> 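This is the structure I want to talk about, given as structure tokens.
The basis for the numbers below is simple: all heavy atoms, side chains too, and nothing from hydrogens, waters or symmetry mates. Quantities reported herein were computed from a predicted structural model and do not represent experimental measurements.
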Amino acid sequence: MAKRFNFTYLFCNELDKMTWFYEDILQLERIWESDRSVAFKIGSHQLAVELKKDLETPSAEFAMQPGWKGGGAPRTSWSLECDEDDFQAVVQASQRNDVRSFFPEPKWKGYWSFPVLDPMNNTIEITCTERETVPITTRTLSNV
């Protein structure tokens, strides 16, 4: 029996901000929307965001992730692996829009790493494994 991770459901208190972040910053393909929810396609995976207006926004603390050893909050987080062009586009969109990032610029951690917070303070690590071919971002890439 084959297994796949098909759906992830997030909840938010401002659907417009989450839609902006996942569509304009992470540049995911929107496949569904209503006045109370929006969904995006990531490969064969679907990410859905549902509005709950009274939901409290968690603290703006990055989640613990073993790959880049920086966050302190013990809560769920995830990564979004990108090819070089998508990685460049997401990093530049994040920097242009002052999206909160753990590093001011991508860092090499055995892969390019650029952790950001979405409007509900979920940690998403933007990654790229193409060491030699990642273009220069709006700031200079640095090694660790």
> Minimum heavy-atom separation for Cys128 and Trp108, please, with both atom names.
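Looks like O-CZ3, 4.2 Å.
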> Report, one line per pair, each donor and acceptor closer than 3.5 Å where one atom sits in a side chain of residues 33-44; sequence neighbours left out.
{"from": "Glu33", "atom 1": "OE1", "to": "Arg30", "atom 2": "NH1", "distance (Å)": "2.6"}
{"from": "Glu33", "atom 1": "OE2", "to": "Arg30", "atom 2": "NH1", "distance (Å)": "2.9"}
{"from": "Ser34", "atom 1": "OG", "to": "Arg36", "atom 2": "N", "distance (Å)": "3.2"}
{"from": "Ser34", "atom 1": "OG", "to": "Ser37", "atom 2": "N", "distance (Å)": "3.2"}
{"from": "Ser34", "atom 1": "OG", "to": "Ser37", "atom 2": "OG", "distance (Å)": "3.2"}
{"from": "Arg36", "atom 1": "NH2", "to": "Leu51", "atom 2": "O", "distance (Å)": "3.0"}
{"from": "Ser37", "atom 1": "OG", "to": "Trp32", "atom 2": "NE1", "distance (Å)": "2.9"}

> For residues 52-64, tabulate all N or O donor-acceptor pairs below 3.5 Å that involve a side-chain atom, not counting sequence neighbours.
{"from": "Thr57", "atom 1": "OG1", "to": "Asn13", "atom 2": "ND2", "distance (Å)": "2.8"}
{"from": "Glu61", "atom 1": "OE2", "to": "Ala73", "atom 2": "N", "distance (Å)": "3.4"}

> According to the salt bridge (Lys or Arg N to Asp or Glu O under 4.0 Å) rule, which pairs have a member within residues 5-16, sequence neighbours left out?
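Sorted pair list: Glu14-Lys17.
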> According to side-chain contact (heavy atoms from CB on, under 4.5 Å), who are the partners of Val90, at least two apart in sequence or on a separate chain?
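For Val90, the residues satisfying side-chain contact (heavy atoms from CB on, under 4.5 Å) (neighbours in sequence not counted) are Leu26, Ser94, Ile126.
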> So if I apply the side-chain contact (heavy atoms from CB on, under 4.5 Å) rule between Phe21 and each of Leu117, Leu28, Val99, which one comes out positive?
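Single pass found, and it is Val99.
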> Enter the distance from Gln88:CD to Glu130:CD here, rounded to the nearest 0.5 Å.
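Rounded to the nearest 0.5 Å, the CD-CD separation comes to 12.0 Å.
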> Compare every heavy atom of Glu105 with every heavy atom of Gln95, then report the nearest pair and how far apart it is.
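Shortest heavy-atom separation between Gln95 and Glu105 comes out as NE2-CA, 4.1 Å.
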> Looking at residues at least two apart in the chain, or sitting in another chain, which of them share a side chain to side chain donor-acceptor pair (under 3.5 Å) with Asn122?
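For Asn122, the residues satisfying side chain to side chain donor-acceptor pair (under 3.5 Å) (neighbours in sequence not counted) are Asp118.
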> How far apart are the closest heavy atoms of Phe103 and Lys109, and which atoms are they?
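Closest approach of Phe103 to Lys109, heavy atoms only: CZ-CE, 3.7 Å.
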> Can you check side chain to side chain contact (heavy atoms under 4.5 Å, CB included) on Leu15 and Val49, steps first, answer last?
CA-CA 8 Å; Leu15 190 59; Val49 182; 4.0 Å; yes
> May I ask whether Met18 and Ile31 are part of the same hydrophobic cluster, defined by side-chain heavy atoms of I, L, V, M, F, W, Y residues being less than 4.5 angstrom apart, directly or through others?
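Different hydrophobic clusters.
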> Hey, could you give me the OH/CG distance between Tyr9 and Leu47, rounded to the nearest 0.5 Å?
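Between Tyr9 OH and Leu47 CG, I get 10.5 Å after rounding to 0.5 Å.
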> According to side chain to side chain donor-acceptor pair (under 3.5 Å), who are the partners of Ser77, at least two apart in sequence or on a separate chain?
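Per chain and number, Ser77 pairs via side chain to side chain donor-acceptor pair (under 3.5 Å) with Gln65.
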> Excluding sequence neighbours, so at least two apart, what forms ring-ring contact (aromatic ring centres under 6.0 Å, His included) with Phe7?
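By the ring-ring contact (aromatic ring centres under 6.0 Å, His included) rule, Phe7 matches no residue at all.
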> Does the side chain of Asn97 come within less than 4.5 Å of Trp20's, by heavy atoms?
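Yes, side chains in contact.
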> Mind checking the CD-OG1 spacing from Glu81 to Thr129? Nearest 0.5 Å is all I need.
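Taking CD in Glu81 and OG1 in Thr129, the distance rounds to 5.0 Å.
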